[in-house]
There are 4 protein chains.
Amino acid sequence: MILDAAVRVFARDGFHTSRVGDVAVEAGVAHGLLYHYFSSKDELLTTIFRETWDSLLRALREVETSREPAPEQLRKVCAIVLRTWKREPDLVRVLVREVARSPQLGREVNEIAEAFAAIERLVERGQARGELRAGPEPRLAAVIVYGALEEILTGWVLGQLPDGDEDVALAEEAVVGVICSGLAAVPVQTTLSA
Amino acid sequence: MILDAAVRVFARDGFHTSRVGDVAVEAGVAHGLLYHYFSSKDELLTTIFRETWDSLLRALREVETSREPAPEQLRKVCAIVLRTWKREPDLVRVLVREVARSPQLGREVNEIAEAFAAIERLVERGQARGELRAGPEPRLAAVIVYGALEEILTGWVLGQLPDGDEDVALAEEAVVGVICSGLAAVPVQTTLSA
Amino acid sequence: MILDAAVRVFARDGFHTSRVGDVAVEAGVAHGLLYHYFSSKDELLTTIFRETWDSLLRALREVETSREPAPEQLRKVCAIVLRTWKREPDLVRVLVREVARSPQLGREVNEIAEAFAAIERLVERGQARGELRAGPEPRLAAVIVYGALEEILTGWVLGQLPDGDEDVALAEEAVVGVICSGLAAVPVQTTLSA
Amino acid sequence: MILDAAVRVFARDGFHTSRVGDVAVEAGVAHGLLYHYFSSKDELLTTIFRETWDSLLRALREVETSREPAPEQLRKVCAIVLRTWKREPDLVRVLVREVARSPQLGREVNEIAEAFAAIERLVERGQARGELRAGPEPRLAAVIVYGALEEILTGWVLGQLPDGDEDVALAEEAVVGVICSGLAAVPVQTTLSA
DNA sequence: AATGAATGAGTTTTCATTCAT
DNA sequence: TATGAATGAAAACTCATTCAT
């Protein structure tokens with residue numbers, strides 16, 4: 001299928017660097033055919049993003065609306081994001097490298113913001129319920145969680161982190177551990193004095 | 001200077017979208033002159049990256065070799081990275097948007113790995129000295145810290161996070177707080193049971 | 001056809017002087033189309049050379065494997081080479097002016113060596129059979145024959161030798177005459193005494 | 001010296017392919033300096049040609065006006081041309097590859113024509129005196145001699161012919177032998193019957 | 001649906017040449 | 001003499017996109 005081919009090619013070469021012809025070759029069709037299904041190269045990327053992000057968002061919202069305690073919800077969020085890697089590595093590659101920080105993809109940013117917002121609400125509610133420490137801004141906390149997850153994915157994408165099944169479980173645990181319990185051996189004074 | 005002009009132009013228009021001629025105009029020179037100093041458009045980006053990263057690395061190493069306790073070192077690392085935004089916003093824009101997803105320039109470049117390694121060593125030593133909690137893998141902890149910082153920078157670059165002076169201080173505090181003390185209100189069981 | 005257009009343009013303007021666009025105009029297509037069929041301007045020249053040379057080689061081999069006496073074979077070789085001028089003057093122009101002195105395309109190309117080798121074998125066999133004088137090294141004899149032919153073609157290309165039909169026949173006869181019978185009125189002592 | 005450097009560079013890379021900067025580097029001077037001595041890249045080539053060709057022409061004329069028999073004169077011509085290779089290989093390379101058949105060098109062609117003319121007169125006189133066989137057109141004979149010599153030089157330039165001291169002597173002998181006595185074992189009928 | 005030849009605007013890159021110093 | 005920064009015309013080449021078949 002053409003979209004799958006596009007995902008593979010964009011994952012391998014990067015969106016800007018890869019040519020429409022490369023996608024066609026990978027898909028085993030003439031490049032003219034792409035234009036029956038997609039109006040432009042950009043639409044390929046947009047479509048990949050949209051078809052994928054929705055299902056991620058749905059999963060996040062499901063977690064968000066569950067009755068579980070916030071730390072457990074956070075754990076689930078990490079699991080959802082990180083486990084995608086094993087199932088769809090190329091997709092993750094593209095989402096992480098091309099879509100997430102491409103300014104020209106404009107409105108899609110809104111949908112990414114949705115993911116942030118879901119995590120943000122989750123943190124907010126956790127703090128309100130006393131399940132999470134009240135200090136950190138929910139928004140920033142969400143950004144930190146997202147960044148940590150994305151960076152681990154990037155490490156896998158670039159082959160700089162081991163990604164065996166146990167490694168994935170380990171990473172999940174590490175993120176949850178660090179984000180929830182912190183790295184400090186003893187409670188630290190977190191007010192910046194510099 | 002040509003490199004500065006390149007940073008401004010790439011920050012404004014994106015690397016792929018901007019033309020060599022634009023950089024020349026911004027620098028106030030003929031485009032041919034660029035090729036006296038840089039062998040290609042790509043080399044412009046590479047050079048921007050390397051010159052910046054070198055100074056970042058030097059700063060990280062300085063922190064690493066200081067005698068301060070690990071949590072304080074972590075705080076300094078966060079400060080160094082995040083404060084770059086105010087000093088050199090265009091540079092950060094370019095690094096976040098272009099370098100992070102350039103396949104060829106990619107992270108394979110040793111220099112990025114160096115930054116990870118520095119943080120990793122910092123965590124390792126902190127754990128050895130009992131200043132940091134021993135659970136999380138140093139490598140993963142480093143990735144998480146780096147990801148959190150990069151994502152905050154990304155939020156600023158994309159205008160999705162407020163970046164007033166107080167916001168920057170707040171972000172610093174939040175990262176240190178989350179990374180060091182965790183989000184949890186009470187110590188949590190971090191062993192994954194899924 | 002694009003290659004024919006290229007031959008005409010290169011013959012008219014010289015390879016280095018003519019632009020890819022000129023070839024496209026001559027062929028009546030957009031210049032971009034050239035790059036569907038040839039990866040570069042150089043490949044145009046290379047292809048012209050190879051396609052031509054192949055047919056020349058085939059002709060030479062046919063002569064070589066004929067049962068005729070070597071002098072007759074030599075005569076045929078001369079005829080083949082020299083008569084190309086009348087049939088395909090532009091092609092000869094390009095080969096003489098561009099290929100013969102292109103460093104990269106150079107003679108290193110096996111194909112040219114093949115032509116020499118064919119003549120060399122022809123001479124060798126002729127000497128073995130007693131049809132040709134045994135003195136001269138076959139290799140050198142081949143070089144001399146080839147050089148004489150190429151120089152006559154060059155004379156025609158540069159307009160320094162008359163090339164009417166009778167002139168061509170005359171040239172053929174002259175080469176065969178000189179090469180086979182020599183210029184000397186009486187047998188000369190050929191051992192160099194300097 | 002700049003001209004020597006130019007000869008080396010043109011010999012190595014070809015005139016069109018080599019850049020003025022290459023010549024400057026080879027000469028160990030700034031490329032701007034070239035323009036104090038030569039008004040253009042073309043003038044470099046022209047100058048090389050002129051400074052060299054004159055001495056060749058003088059040598060040829062000296063042979064021509066000697067009282068020796070024509071075969072001996074021919075032998076001397078061959079010696080002059082071929083022995084240049086050992087003394088000035090790069091120069092020969094340039095003359096053979098770039099100058100000899102470059103149409104744009106326009107008027108210099110006249111000077112090349114002089115060389116042909118000298119050999120032509122030599123042959124003519126030889127035939128008139130009965131020292132050379134009367135059949136072949138003097139003009140064509142000159143072209144053949146010149147072509148044979150050039151091709152041998154080319155063989156040396158391209159490393160396809162051995163060029164040890166004995167090889168050079170052998171080549172000289174071969175050219176003289178073939179040109180004067182012919183390749184034929186027995187006198188052949190040279191009238192073309194095809 | 002499918003092909004792939006054809007287009008051409010848009011870019012990077014090259015390099016001879018100039019000129020202030 | 002000598003330098004090398006600076007110029008800019010000129011070219012090669014790319015590639016998304018169109019369209020006849």
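Sequence lines set the chain letters: A, B, ... in the order given, protein chains first and strands last, and positions in each chain run from 1.
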* D:D22 CG to E:dT14 C1': how many Å, rounded? -> 12 Å
* Run the side chain to side chain contact (heavy atoms under 4.5 Å, CB included) check on C:V94 and C:F49 step by step: do they pass? -> CA-CA 9 Å; C:V94 172; C:F49 165 73; over 6 Å; no
* Structure fact -> Pairing partner of E:dT21, by Watson-Crick or G-U wobble and under 3.5 Å for both distances, is F:dA2
* **Distance between C1' atoms of F:dT21 and E:dA1 (Å, rounded)** => 13 Å
* Asked: Which part of the nucleic acid, if any, lies within reach of C:F38 when heavy atoms closer than 4.0 Å are counted: base, sugar-phosphate only, or nothing?
  -> nothing
* Asked: Contact class for B:S18 vs. all strands (heavy atom < 4.0 Å): base, sugar-phosphate, or nothing?
  -> sugar-phosphate
* Asked: Where the side chain of A:K41 is defined as all heavy atoms beyond and including C-beta, which of F:dT17, E:dT12, E:dA16 is the nearest nucleotide?
  -> F:dT17
* Asked: Can you tell me how far C1' of E:dA1 sits from CG of A:L34, to the nearest Å?
  -> 13 Å
* To do: Find the distance A:H16:NE2 to F:dA16:C1' and express it as a whole number of Å.
  => 13 Å
* Asked: Could you give the CG-to-P distance, from B:L33 to E:dT12, as a whole number of Å?
  -> 16 Å
* Structure fact -> D:Y35 OH to E:dA16 C1', in whole Å, measures 4 Å
* Asked: E:dG4 P sits how many Å from A:H36 NE2, rounded?
  -> 13 Å
* To do: May I have the distance from B:E43 (atom CD) to E:dT14 (atom C1'), rounded to whole angstrom?
  => 16 Å
* Structure fact -> If pairing means Watson-Crick or G-U wobble with both distances under 3.5 Å, then the partner of E:dA1 is none
* Hey, does C:F38 have a side-chain heavy atom less than 4.5 Å from the side chain of C:I2? -> yes
* To do: State whether the distance check finds a donor on one side and an acceptor on the other, under 3.5 Å, for side chain A:H31 versus base E:dA2.
  => no
* Asked: Which residue, B:V29 or A:G32, contacts DNA chain F at a nucleotide closer to its 5' end, judged by nearest heavy atom?
  -> B:V29
* Taking atom P of F:dA10 as reference, at what distance in whole Å does atom CZ of D:R19 sit? -> 20 Å
* **4.5 Å side-chain heavy-atom contact, B:F15 and B:D42** => yes
* Sub-4.5 Å side-chain heavy-atom contact between D:E111 and D:R50 -> yes
* **Listed nucleotide nearest any side-chain atom of C:A30, set E:dG8, E:dA5, E:dA2** => E:dG8
* Side chain of C:R93, backbone of C:R12: donor and acceptor closer than 3.5 Å? -> no
